[in-house]
Amino acid sequence: MTNIAVFCGSARDVDERYLLHAFHVGRIIASRGHGLIGGGGSRGMTKHLVDGFLGVASSAEVVSVVSAEVACQSGRVDARCRSVVHESLGARKEAMLNMSELAVVLPGGLGTLDELIHLLAMRSLKNKVPSVVVSDYWRDFAALLDYFHQLVERKFARQALFECDVVRSDDELMESFARFELSLRESGR
């Protein structure tokens, strides 16, 4: 079993389609037998992500990685859930990356954008950084992805730093997971 880190928003009042999207992503991850590494939120997309995952998972685990500044309890009592608290948001991000083999980024606010940028920036500093899947079903990331392209064109960054699997449907997400799983099998992991 591999662990998939999911970065997404925790705001409560977002459009219902985002909440349902997070719920479906949780279900897809669990149905493929992966563990879920999440941000530990008890609201918004993060809550729906975990709810979807737990609705399908039989033995896979949810690890909620939270920072001490914003530590929150989900109130959830489930043997498949555990929380890990880190001293800062930076340490939390690092822990999530170190615990996972793949990172999925769903729409979210400033925290989610920070996590995506951090993940991509770490590629220039570390050898082991998870592969990245960006869920762009409603073109939420389109302007940012265009900006990344401009950074490469202007020689501020290498193209390899921005290589992500951008998916725009559940089918594309499942295809991305299948490619990831195949690469793990081929590498013997």
Side-chain angles (χ1 to χ4, degrees), residues 1-8 20-40 45-46 48-65 78-84 86 91-108 112 115-138 140-141 144-145 148-149 152 157-189:
M1 175 185 72
T2 58
N3 288 319
I4 297 178
V6 179
F7 299 97
C8 63
L20 290 172
H21 175 50
F23 183 83
H24 289 295
V25 169
R27 292 178 65 84
I28 290 168
I29 291 169
S31 72
R32 299 189 77 86
H34 300 295
L36 174 63
I37 309 295
M45 291 175 71
T46 54
H48 284 75
L49 174 75
V50 171
D51 288 348
F53 182 88
L54 291 175
V56 173
S58 56
S59 61
E61 180 180 56
V62 174
V63 179
S64 296
V65 184
D78 191 304
R80 297 167 293 167
C81 297
R82 70 180 169 97
S83 292
V84 178
H86 286 274
R92 174 188 162 274
K93 285 185 288 193
E94 282 297 308
M96 288 180 72
L97 297 178
N98 290 333
M99 296 169 80
S100 60
E101 290 80 29
L102 180 69
V104 176
V105 182
L106 306 181
T112 305
E115 291 157 345
L116 173 59
I117 299 296
H118 179 86
L119 177 59
L120 298 177
M122 291 309 297
R123 288 181 169 172
S124 64
L125 303 173
K126 290 177 121 180
N127 289 333
K128 185 199 177 286
V129 177
S131 298
V132 179
V133 176
V134 175
S135 172
D136 199 25
Y137 288 32
W138 299 282
D140 295 285
F141 292 99
L144 182 62
L145 296 172
F148 291 164
H149 180 71
V152 171
R158 298 182 325 269
Q159 178 64 39
L161 298 177
F162 300 110
E163 289 177 0
C164 301
D165 200 358
V166 179
V167 298
R168 295 195 167 93
S169 69
D170 286 350
D171 288 340
E172 288 182 14
L173 179 62
M174 288 187 286
E175 290 169 12
S176 180
F177 284 169
R179 286 189 299 274
F180 165 71
E181 293 157 358
L182 178 62
S183 72
L184 286 179
R185 283 192 300 275
E186 289 175 346
S187 68
R189 293 192 289 175

Using a 4.5 Å cut-off on heavy atoms from C-beta on, say whether the side chain of Leu120 contacts that of Cys164. yes
Starting at CZ of Phe7, measure out to OG of Ser100 and round the result to the nearest 0.5 Å. 6.5 Å
If we only count heavy atoms from C-beta on, is the Thr112 to Val105 side-chain gap below 4.5 Å? yes
Nearest heavy atoms of Ala157 and Phe162, plus distance in Å: CB-CE1, 3.5 Å
When rounded to the nearest 0.5 angstrom, what distance separates OG in Ser131 from CG in Leu102? 6.0 Å
Atom of Leu106, atom of Phe141 and distance for their closest heavy-atom approach: O-CZ, 3.6 Å
When rounded to the nearest 0.5 Å, the distance separating CZ of Arg27 from NE2 of His24 is 8.0 Å
Could you measure the distance from the CZ atom of Phe177 to the CD1 atom of Ile4? Nearest 0.5 Å is fine. 4.0 Å
Minimum heavy-atom distance Pro130-Leu97, with the two atoms named: CG-O, 3.6 Å
Between the CZ atom in Arg92 and the CD atom in Glu94, the distance rounded to the nearest 0.5 Å is 12.0 Å
Check each of Val104, Leu54, Leu49, Val25 against Leu36 using the side-chain contact (heavy atoms from CB on, under 4.5 Å) test, and report the only one that passes. Leu49
Given side chains that start at C-beta, do those of Ile28 and Leu173 come closer than 4.5 Å, heavy atoms only? yes
Side-chain (Tyr137) to main-chain (Asp170) donor-acceptor, under 3.5 angstrom: yes
Can any side-chain N or O of Asp136 pair as donor or acceptor with the backbone N or O of Val166 at less than 3.5 Å? no
Does one side chain, of His34 or Glu181, offer a donor that lies under 3.5 Å from an acceptor on the other? yes
